[in-house]
Amino acid sequence: MLLTGAAGSVGQQLLPGLTGFGLRVLDRAAPDEAGGAEVVVGELTDRDLLARAVSGVDAVVHLAGDPRPDAEWDDLEGPNVDGFAALLGAAREHGMRRVVYASSVHAMGRYESAGRFPIDPTWAPAPCCAYGATKAFDEALAGVHAAHGGPSTIGLRLGATVERPTQSSQLTGWLGPEDLRRLVVAALEADVTSGVYPGVSANTRNRWDLTAARRDLGYEPRLDSEVFAGDVEDDGRAVTTCVL
Ligand SMILES: NC(=O)c1ccc[n+]([C@@H]2O[C@H](COP(=O)([O-])OP(=O)(O)OC[C@H]3O[C@@H](n4cnc5c(N)ncnc54)[C@H](O)[C@@H]3O)[C@@H](O)[C@H]2O)c1
């Protein structure tokens, strides 16, 4: 299995959950921890490097990208759009079985701002920022590949994926490390051709409808941000996505 973006924050939290998978990792930076995996260092848009990275691999967990909701389009386009398109093309060419990729709750952020929840993953994408729009595009392109004989694609709309919430805005959409690992492994193994699912823990203040994730992926989150609610800094926001 290939993990992209392994050197990043989510990749480092996820790695301990992938020990049984025979792992290769790809990142433009060498990861601090690679769990004994073969490491490929370079850019997603380098076709030769990508071909080497996907060769002989049955599935990929794709995290490489720019995670900043306030980033400008010029910074997002390369990693989040061109990079993902290149990865999907390589996965298809090499007959890969499954692509599990990091989308974001920001692809549906306008619903959270408008107070429309629980947010149903089948509603039309409603990004709250250019970052969310790149993720909505990724979901659309992944669906095209899956529908036209390419790899099966599962998008995970990750929430605030941190060890523990430290700000009030993370309480609605926190995804804790053990739930992240459960969710990704479930997405790798589920009997699903294509889909997009929210990636959040079982938070008391949750705004994302997890019915389909439970049904299709067998994802059973166990963590709740509420246990940290008394310790977080009040950042004046009650939503995990952008305030509009
Ligand atoms: N951190 C969160 O709370 C969060 C929430 C929702 C979605 N996500 C998504 O999860 C993924 C990982 O986020 P993160 O917080 O770990 O980000 P990060 O910036 O910590 O890590 C991303 C990694 O991807 C690598 N990378 C970026 N562009 C690359 C390219 N073109 N080629 C090769 N490597 C490249 C970087 O070197 C980095 O190590 C992103 O797609 C992000 O949008 C993260």
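All values below come from the heavy atoms of this structure, side chains included, with hydrogens, waters and symmetry mates left out. Every number for a ligand or one of its atoms is a count from 1 in the order of the listing. If you read the sequence from its start, that first residue is 1, and numbering goes on from there.
Of all the atoms in ligand 1, the ones that sit under 4.0 Å from a non-hydrogen atom of Leu158 are 5 (C), 6 (C), 7 (C), 10 (O). Ligand 1 places these atoms under 4.0 Å from at least one heavy atom of Ser104: 6 (C), 7 (C). Contact atoms of ligand 1 toward Ser103: 7 (C) (distance under 4.0 Å to a heavy atom of the residue). Close contacts of ligand 1 with Pro79, meaning ligand atoms under 4.0 Å from a residue heavy atom, involve 28 (N). Every atom of ligand 1 with a heavy atom of Gly42 under 4.0 Å away is listed here by number and element: 32 (N), 33 (C). Under a 4.0 Å criterion applied to the non-hydrogen atoms of Ala160, ligand 1 contributes the atoms 3 (O).
Side chain of Arg98 to main chain of Ala190: a donor-acceptor pair is present (N/O by atom type, distance under 3.5 Å, no hydrogens or angles).
Not a single heavy atom of Gly83 lies less than 4.0 angstrom from ligand 1. Heavy atoms of Gly199 stay at 4.0 angstrom or farther from ligand 1.
Contact annotation: the side chain of Leu175 never approaches that of Val10 to less than 4.5 Å [non-hydrogen atoms, C-beta and beyond]. Pro221 places a side-chain heavy atom less than 4.5 Å from the side chain of Arg214. With a 4.5 Å cut-off on side-chain heavy atoms, Gln167 and Arg237 do not count as touching. In this structure, the side chains of Leu63 and Leu3 come closer than 4.5 Å at one or more pairs of heavy atoms. Side-chain contact between Pro118 and Arg207: absent, with no pair of heavy atoms (C-beta onward) separated by less than 4.5 Å. Considering only heavy atoms from C-beta on, Asp235 stays 4.5 Å or farther from Gln170 through its side chain. Leu49 is not listed as a side-chain neighbour of Glu43, based on a closest heavy-atom distance of 4.5 Å or more.
Residue, atom and distance of the protein heavy atom nearest to atom 43 (O) of ligand 1 are Tyr131 OH, 2.6 Å. Nearest to atom 44 (C) of ligand 1 among the protein's heavy atoms is Val10 CG2, 4.0 Å. Asp27 OD2, 2.7 Å is the protein heavy atom nearest to atom 39 (O) of ligand 1. In terms of protein heavy atoms, atom 5 (C) of ligand 1 is closest to Gly159 O, 3.0 Å. Shortest contact from atom 12 (C) of ligand 1 to any protein heavy atom: Leu63 O, 3.2 Å. Nearest non-hydrogen protein atom to atom 31 (N) of ligand 1 is Glu43 OE1, 3.0 Å. Nearest protein neighbour of atom 24 (O) of ligand 1, counting heavy atoms only, is Ala64 CA, 3.4 Å. The single protein non-hydrogen atom nearest to atom 3 (O) of ligand 1 is Thr161 N, 2.9 Å, given as residue, atom name and distance.
Ring orientation note: the planes of Phe228 and Trp174 are nearly perpendicular, at an angle over 60° on the 30°/60° scale.
In this structure, Arg182 does not pair ionically with Glu220, as no charged nitrogen and carboxylate oxygen lie closer than 4.0 Å.
The option with the heavy atom closest to atom 10 (O) of ligand 1, from among Ala102, Pro67, Gly132, Ala7, is Ala102.
Looking at ligand 1, you'll find an N or O of Arg28 within less than 3.5 Å of one of its N or O atoms. Polar contact with ligand 1: absent for Leu26 (N/O pair, distance under 3.5 Å).
Between the side chains of Thr172 and Glu112, at least one donor-acceptor pair of N or O atoms lies under 3.5 Å.
Contact annotation for Lys135 and ligand 1: only side-chain heavy atoms (C-beta onward) come within less than 4.0 Å of the ligand. By the criterion of a heavy-atom distance under 4.0 Å, neither the backbone nor the side chain of Ala6 is placed next to ligand 1.
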### Task
Would you check, one step at a time, whether the test side-chain contact (heavy atoms from CB on, under 4.5 Å) holds for Asp58 with Met1?
CA-CA 6 Å; Asp58 144 85; Met1 201 195 76; 5.8 Å; no
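Annotation: Tyr219 is not in aromatic contact with Tyr197 [ring centroid separation under 6.0 Å not met].
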